[in-house]
Amino acid sequence: MGSSECHIAVLAFPFTTHAAPLLSLVEQLSAALPSARFSFFNNHDSNSTLFGGRNPAAGKVKAYDVWDGTVAGEALVTHEEFIMAMPGNYQTAIAEAEAEMGTKFGCFLTDSFLWFGGDLAAERGGVPWISFWTAGACSISAHLYTDFVRSLVAATPNANGNGLEHKLKVIPGMSEVSIGEMPGEILAKDLQAPFPGMIYNMALKLPSANALVLNSFQKLEPTVTDDLRSKLQVFNIGPMILQPATPKPPISDDHNCIPWLDSPLPASAAVYLSFGSGITPPPAEIVGLAEALEAKRAPFLWSLKPHGVKHLPEGFVERTKEFGKIVSWAPQVQVLSHPGVGAFVTHCGWNSTLEAISFGVCMICRPFYGDQKINTRFVESVWEIGVKVEGGIFTKDGTMKALNVVLDSDRGKLLKQNVVKLKGEALEAVKPNGSSTKDFQELVHLLNDSF
Ligand code: UDP
């Protein structure tokens, strides 16, 4: 086992909920690797949010800002600008950090999106490259089948898109998933466009990583994970939110959501609604959701940004104030762990999905993009812990049906049993002898041995 100080370059992807779980992993590794120092490369805005007023891992993590790809003084408009500046923006910041440290980085830990981690590691004499996929095994496995799925689509005689219904029975663990539910980038018309290009490069380069770290757990996606393990070394260390060793960011409940859930509510189970860090449903769907909530009269807590609130039906807030609360941001982990919550209306982002599983809450899913459709399919058909909203978009009737299934039906009881069982397996995985704890320890060994 090595004992010299090792400098690890951590390359974060700044958008949606990518950088926060990576920083959590860094903090957990820092506690297990006393001789490691971490340099965290990310854009300025995301670094400010993550590090503002905090000193993670007692000063062993230092944040470096990478260039946004924008003209000086102008605000970042699209994620594409940032992607188009890659990998040069990271290379510049890394070179500056190395000059400041007087030594080269001895390891690269990157968000999987940052496909060039292996090239940076190779340029430094083949130091380890660890890739961190912030979502589930199902979606990263899907990406590794990009060429195969595209060849299936190309071979589909029906050009009007019906072939998208075709289930991917030949891919291990994906028999319930249709081609149309694969992450959108896999089916992109132009694989050279910035975002699909980044994702395609990831699929091509990832098998050469020394290891892939997943925020999932073995019993959640066993077939898919075993298939992944046949291609590269996988450490399945989640749910990180349940890992006792993962430092938890401070809870802020500026809108008093938890006291509201604690107060006596008119019915037993409350509905929590949130669509992650970046999504606000289209105006017509906000209206459909609101009408369903008002008709159902179940207590609800809705995390909705002000630009979404303005599309609520006139008088809705006043008419529902006895049983509903709308906030611009909720402490989701604490909300989902509250016993009063009976259903989670979600976009099925991976963090949200795993948080619902970790706290045993059934989901009503309205996926938008990325991995959300495949996550939804697993929720509805593989794990059977929730339902997809009828037609894939919120209408009053479709949302009412979904609420009735989850809150008030025999099917809902079965879904609840299933999610509680998965929660139990998640808790087992993070116990001292659990599969995720063991995988984390093996990751630490791999890093220690390479110093
Ligand atoms: N979240 C939260 N409060 C909110 C909305 C979201 O704390 O009001 C958190 C949630 O707990 C999760 C993250 O934001 O950890 C959303 O991550 P996810 O992967 O589900 O979606 P993304 O933001 O990547 O679309």
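All values reported here derive from a predicted model rather than from experimental measurement.
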Arg150/Asp147 ion pair, N-O < 4.0 Å: no
Residues Ser178, Glu181; criterion side chain to side chain donor-acceptor pair (under 3.5 Å); working and verdict: CA-CA 5 Å; Ser178 65; Glu181 290 164 341; 3.3 Å; yes
Step-by-step side-chain contact (heavy atoms from CB on, under 4.5 Å) determination, Trp115 to Leu204: CA-CA 8 Å; Trp115 48 269; Leu204 296 178; over 6 Å; no
Distance in Å, Ser409 OG paired with Asn404 CG, rounded so as to fall on 0.5 Å steps: 8.0 Å
Short side-chain to backbone donor-acceptor contact, Arg366 and Phe275, under 3.5 Å: no
Phe378 and Trp383 aromatic centres sub-6.0 Å: yes
Electrostatic pair Lys388-Glu380, nearest N-O below 4.0 angstrom: no
Whether Thr320 side chain and Phe323 backbone form a donor-acceptor pair below 3.5 Å: no
Flag, side chain of Gln372 to backbone of Phe368, donor-acceptor distance under 3.5 Å: yes
Any donor-acceptor pair under 3.5 Å from Glu285 side chain to Ile393 backbone: no
Heavy-atom check, side chain of Val177 versus side chain of Lys167, under 4.5 Å: no
Polar side chain donor-acceptor pair, Ser208 to Trp129, under 3.5 angstrom: no
Steps toward ring-ring contact (aromatic ring centres under 6.0 Å, His included) verdict (Phe316, Phe300): CA-CA 13 Å; Phe316 170 79; Phe300 68 87; 5.8 Å; yes
Which atom of Leu191 lies closest to which atom of Glu185, heavy atoms considered: CD2-O, 3.9 Å
Nearest heavy atoms of Gly342 and Val406, plus distance in Å: O-CG1, 3.9 Å
Minimum-distance pair of heavy atoms, taken over all atoms of Leu407 and Ala298: CD1-CB, 4.3 Å
Side-chain heavy atoms of Cys107 within contact of Leu447, under 4.5 Å: yes
Donor-acceptor contacts under 3.5 Å from residues 324-333 side chains, at least two apart:
| from | atom 1 | to | atom 2 | distance (Å) |
| --- | --- | --- | --- | --- |
| Lys325 | NZ | His255 | O | 2.8 |
| Ser328 | OG | His255 | NE2 | 3.2 |
| Gln332 | OE1 | Tyr272 | OH | 3.0 |
| Gln332 | OE1 | Ser274 | OG | 3.0 |
| Gln332 | NE2 | Ser352 | OG | 3.1 |
| Gln332 | NE2 | Glu355 | OE1 | 2.9 |

Interatomic distance, Ser131 atom OG to Asn210 atom CG [nearest 0.5 angstrom]: 10.5 Å
Listed once per pair and sorted, the side chain to side chain donor-acceptor pair (under 3.5 Å) pairs that draw on residues 334-343, sequence neighbours left out: Asp262-His338
Lys/Arg N to Asp/Glu carboxylate O, Arg377 vs Glu176, below 4.0 Å: no
Asn43 side chain vs Val66 backbone, donor-acceptor pair below 3.5 Å: no
Main-chain N/O of Ser141 paired with Lys231 side-chain donor or acceptor, under 3.5 Å: no
Any Phe359 side-chain heavy atom under 4.5 Å of Leu242 side chain: yes
Test: Glu384 and Arg411 ion pair at under 4.0 Å: yes
Donor-acceptor contact present, side-chain Trp260 to main-chain Ser263, <3.5 Å: no
Stepwise salt bridge (charged side-chain N to carboxylate O under 4.0 Å, His left out) test for Lys413 and Asp408: CA-CA 8 Å; Lys413 287 186 190 124; Asp408 296 314; over 6 Å; no
side-chain contact (heavy atoms from CB on, under 4.5 Å) assessment of Leu414 paired with Asp410: CA-CA 6 Å; Leu414 181 73; Asp410 288 343; over 6 Å; no
Spatial distance of atom CG (Asn47) from atom CG (Leu23) [nearest 0.5 Å]: 9.0 Å
Asp111 side-chain N/O to Ala12 backbone N/O, donor-acceptor pair under 3.5 Å: no
Option passing side chain to side chain contact (heavy atoms under 4.5 Å, CB included) with Asn375 (candidates Cys365, Pro367, Cys138): Cys138
Pair Gln218-Asp439, side-chain donor/acceptor within less than 3.5 Å: no
Presence of salt bridge, Glu425 and Lys421, under 4.0 angstrom: yes
Candidate list Val213, Leu214, Ile140, test side chain to side chain contact (heavy atoms under 4.5 Å, CB included), partner Val234, passing option: Leu214
Side-chain touch Thr437/Ile237, heavy atoms, less than 4.5 angstrom: no
CZ on Phe440 to CG on Asn236, rounded to 0.5 Å: 13.5 Å
Minimum heavy-atom distance Thr146-Ala203, with the two atoms named: OG1-CB, 4.1 Å
Parallel, tilted or perpendicular, as decided by the 30° and 60° cut-offs, for the rings of His79 and Phe15: parallel
4.5 Å side-chain heavy-atom contact, Thr223 and Asp226: no
Any donor-acceptor N or O pair under 3.5 Å, side chains Thr16, Ser277: no
Candidate pair Leu29 and Leu109, rule side-chain contact (heavy atoms from CB on, under 4.5 Å), full reasoning: CA-CA 11 Å; Leu29 284 173; Leu109 169 61; 4.0 Å; yes
Separation of Lys373 NZ from Tyr369 OH (nearest 0.5 Å): 12.5 Å
Check against side-chain contact (heavy atoms from CB on, under 4.5 Å), Ile258 and Val335: CA-CA 7 Å; Ile258 303 305; Val335 168; 4.1 Å; yes
N/O donor-acceptor pair under 3.5 Å between Ser112 side chain and Trp133 backbone: yes
Member of Tyr200, Phe82, Phe13 meeting the ring pair (Phe, Tyr, Trp, His ring centres under 6.0 Å) criterion with Phe113: Phe13
Thr346 side chain vs Cys348 backbone, donor-acceptor pair below 3.5 Å: yes
Minimum heavy-atom distance Tyr90-Leu11, with the two atoms named: CD2-CG, 3.6 Å
Flag if over 12 foreign heavy atoms under 6.0 Å of CG, Asn433: no
Reported CG-to-CG distance for the pair Leu152 and Leu187, which is rounded to 0.5 angstrom: 10.5 Å
Where Pro313 and Arg319 come nearest, the two heavy atoms and their spacing: CB-NH2, 4.4 Å
Heavy-atom check, side chain of Ile130 versus side chain of Leu443, under 4.5 Å: yes
